[in-house]
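Below, chains carry the letters A, B, ... as their sequence lines are ordered, and counting in each starts from 1. Keep in mind the model is a prediction, meaning the values are calculated, not measured.
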Protein chains: 2
Amino acid sequence: MRVTQADIAKIANVSQATVSRVLAGDDHVEPILRDRVLRIMREKNYRPDVRARSLRLQQTNLIGLVLKRPRGALVDDPFFAALTSGIVDALAAKPYHLCLDYVTDQASQEHVYDEMLRSRRVDGLILVEPTARDERVELLQRDKFPFVIIGNPHNDEIASIDNDNVVAGRIGTEHLISRGYRKIVFLAGPEGFVFSDDRVDGYVQAMVDAGLQPRVVHCAFGLEAARDASLALFDGPDCPDAMLVLDDFMAYGTYMAARSRYMEVPDELGIVGFNDSLLCRMAEGGLTSVSLNLDLMVRRAVAKLLDIIESGQVTTPAREIVPCAISVRGSSSSARGVVQK
Amino acid sequence: MRVTQADIAKIANVSQATVSRVLAGDDHVEPILRDRVLRIMREKNYRPDVRARSLRLQQTNLIGLVLKRPRGALVDDPFFAALTSGIVDALAAKPYHLCLDYVTDQASQEHVYDEMLRSRRVDGLILVEPTARDERVELLQRDKFPFVIIGNPHNDEIASIDNDNVVAGRIGTEHLISRGYRKIVFLAGPEGFVFSDDRVDGYVQAMVDAGLQPRVVHCAFGLEAARDASLALFDGPDCPDAMLVLDDFMAYGTYMAARSRYMEVPDELGIVGFNDSLLCRMAEGGLTSVSLNLDLMVRRAVAKLLDIIESGQVTTPAREIVPCAISVRGSSSSARGVVQK
DNA sequence: CTGTTAGCGCATTCAA
DNA sequence: TTGAATGCGCTAACAG
């Protein structure tokens, strides 16, 4: 049977309240009693029951993350890996744990939100990929439930952490331009995804500023789709001399396409991706990539959420932007120096 | 303020017990009362408090996973991604959630186990990578705490799901032999890791059975280490004609090494990895890999754990082995057919 | 400094 | 069929 404070109290010949005080580190306890209680706790291998504590304190020390993905699509999703690992990392030093959930469709998503929040399973929530006018957000606001959004809630009163995808697009583009590339194509994701559209905007700005002609190609997410789209581009008229690709995964597809057409990287084709992930080390000479500092974003998001949970209010500034930076590698900078065109 | 069963009861003019019964779907409630209660619950947007329910029922509907890794090493760990996503996937249809934790060293590992188990934060635990004579396991057994191990606990009374790494090693080796390779080297991880050592065993058996000379090279985990070890091997005396590599990541390192030495894959060098991960599609022509069916393992582990939690005892057979299978791709099978030597 | 008491919100036994 | 009463294990206000 499980040993409770009452058991300890009986053995130590004190009241259960005293046991509780000892546990809380209350100074106002006679040292001799304190030691006795502690000794018996150790002897009896006592551990407080977090369930009871949760009920009493009205908090669970759990924070929730709910991801919506098609069935089985989590394994290969680098965003998922970065997100969860970042959260767990950031939580490691805190008395909080991560409660991870996963839904495949909108209906069950709402159900899970009910289950996690309103049932008080977690103390707060990290939201990602909010869609425009997200119902979840309204519910959370109405119920004054602590939450933070990674992304753009389009509402300055809501706590959020974001990167600046427009700037990221600019940075990548300007880097390629500075290396002498001119016929730079942006290989984007499907239209309608904010992070993709924003990067495209930055790209277009930079191109126009440099007096160059922007050219955007949309394709599905993923390695294969990007490879095929790149091949079509290489084989078509007006082959680009550089490509800015939505993410490292797709950029790797472009890299594969270049290899299969025997185009030299970076001399015949410059490639820049986004995210600065492990994949960048998997191409010969490395893949240049714009880092969005997802890791930092996650850390900040966690810190902000815990702040809100503990202070009971949204701390200002509600919205924080994490800067991006470019990691230059072989795919955009020949060992022989800047490309001359 | 939060609405409770007592609130509902007061409004509906019934006792709190009746509200509880309605919630539980108890048949022995007058339909008219039932409807009234349900209506008011909906009106008042009532949700039961899982904390109170947990305390009362002595269960949290949470299962725990604790991973031990060096700081920040989670992001790029494909095992972590497969594991967590598999668990969350498997849990999606059940009334359970995943509580994910993470520690960097042994001391905090034990602390977290205390915190999660003995404090009853979770109903059960999934353990991975148990070391020989794992203390955690003894504690869990003593406290009759529900848990299941992914790996080999070397104890037939403990619930565990495992793959057969020895067979996996054999399969990979026999495949290479059947393709005409003879000077096959096994690039293994550091010594002392069971999954690595077992695969080596299978490799050695298969080589000896075929009358070939086994040759095992140990190196650190990771892409770079494997690449460097492979380069050393290629540059040294008696260059291999095929390599069996501990995991896909390292196999990709071998693949990079081969490219930088201008060795044709698969004609001059066959490569086979393990895990059949996404990386296998990133090499030109694909990387042949032995699938350990980690996904299936995880699903089975979750099912087994829930079984134990709900039945209160370890179900037989305690130990289950998930079969492995090889996915043949370009790195071991030339489009021109079987390699002739 | 310590013990008594009162809930936290819920499920459940026991009476009615 | 329903309600009153009890307790899960803990913290905290209050009294002594």
- Message: Applying side chain to side chain donor-acceptor pair (under 3.5 Å) as the test, list every pair that has at least one member in residues 298-308 of chain B; sequence neighbours left out.
- Response: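 Non-adjacent pairs meeting side chain to side chain donor-acceptor pair (under 3.5 Å): B/Asp295-B/Arg299, B/Arg300-B/Glu320, B/Lys304-B/Glu320.
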Would you please confirm or rule out a distance under 4.0 Å between OP1 or OP2 of [N] and any side-chain N or O of [X]?
| X | N | answer |
| --- | --- | --- |
| B/Ser20 | C/dA11 | yes |
| A/Ser15 | C/dT4 | no |
| B/Arg53 | C/dA11 | yes |
| A/Thr18 | C/dG3 | yes |
| B/Gln58 | C/dA11 | no |
| B/Tyr46 | C/dC10 | yes |

Charged N-O contact under 4.0 Å between [X] and [Y]:
| X | Y | value |
| --- | --- | --- |
| A/Lys44 | A/Asp7 | no |
| B/Asp156 | B/Arg319 | no |
| A/Arg39 | A/Glu43 | yes |
| A/Glu138 | A/Arg142 | no |

- Message: If you only use heavy atoms from C-beta on, which nucleotide in D/dC10, D/dT1, C/dC10 is closest to the side chain of B/Glu30?
- Response: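 Side chain of B/Glu30 sits closest to D/dT1.
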Please give, in whole Å, the distance from [N] [atom2] to [X] [atom1]?
| X | N | atom1 | atom2 | result |
| --- | --- | --- | --- | --- |
| A/Asn13 | C/dT2 | CG | C1' | 13 Å |
| B/Asp26 | C/dC10 | CG | P | 17 Å |
| A/Arg36 | C/dC1 | CZ | P | 16 Å |
| A/Arg51 | D/dC10 | CZ | P | 10 Å |
| B/His28 | C/dT13 | NE2 | C1' | 15 Å |
| A/Gln5 | D/dG7 | CD | P | 18 Å |
| B/Arg56 | D/dG7 | CZ | P | 10 Å |
| A/Ile32 | C/dT2 | CD1 | P | 10 Å |

- What orientation do B/Phe195 and B/Phe221 show, parallel under 30°, tilted 30 to 60°, or perpendicular over 60°?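 Aromatic pair B/Phe195/B/Phe221 classed parallel.
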- Query: Between the main-chain N or O of A/Gln59 and the side-chain N or O of A/Asp123, is there a donor-acceptor pair closer than 3.5 Å?
  - Reply: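 Absent.
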Between the protein and nucleotides 13-16 of chain D, which nitrogen or oxygen pairs come in under 3.5 angstrom?
| unit_1 | atom_1 | unit_2 | atom_2 | d |
| --- | --- | --- | --- | --- |
| D/dA13 | N6 | A/Arg21 | NH2 | 3.3 |

- side-chain hydrogen bond (donor to acceptor under 3.5 Å, both in side chains) assessment of A/Arg51 paired with B/Gln58: CA-CA 8 Å; A/Arg51 310 200 227 67; B/Gln58 302 285 49; 3.1 Å; yes
- First encountered from the 5' end of DNA chain D, between B/Leu33 and A/Ala52: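 Residue closer to the 5' terminus by nearest nucleotide: B/Leu33.
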- When the nearest nucleotide of DNA chain D is assigned to B/Leu57 and to B/Asp27 on a heavy-atom basis, which residue is associated with the more 5' position?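 So the residue in question is B/Asp27.
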- Query: Looking across every strand, which nucleic acid part, if any, lies under 4.0 Å from B/Val19 by heavy atom: base, sugar-phosphate, or nothing?
  - Reply: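 If one applies the 4.0 Å heavy-atom cut-off, B/Val19 turns out to touch nothing in the nucleic acid.
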- Quick one: the side chain of B/Gln16 and the base of C/dA11, do they pair up donor-acceptor inside 3.5 Å?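 A donor-acceptor contact between them is present.
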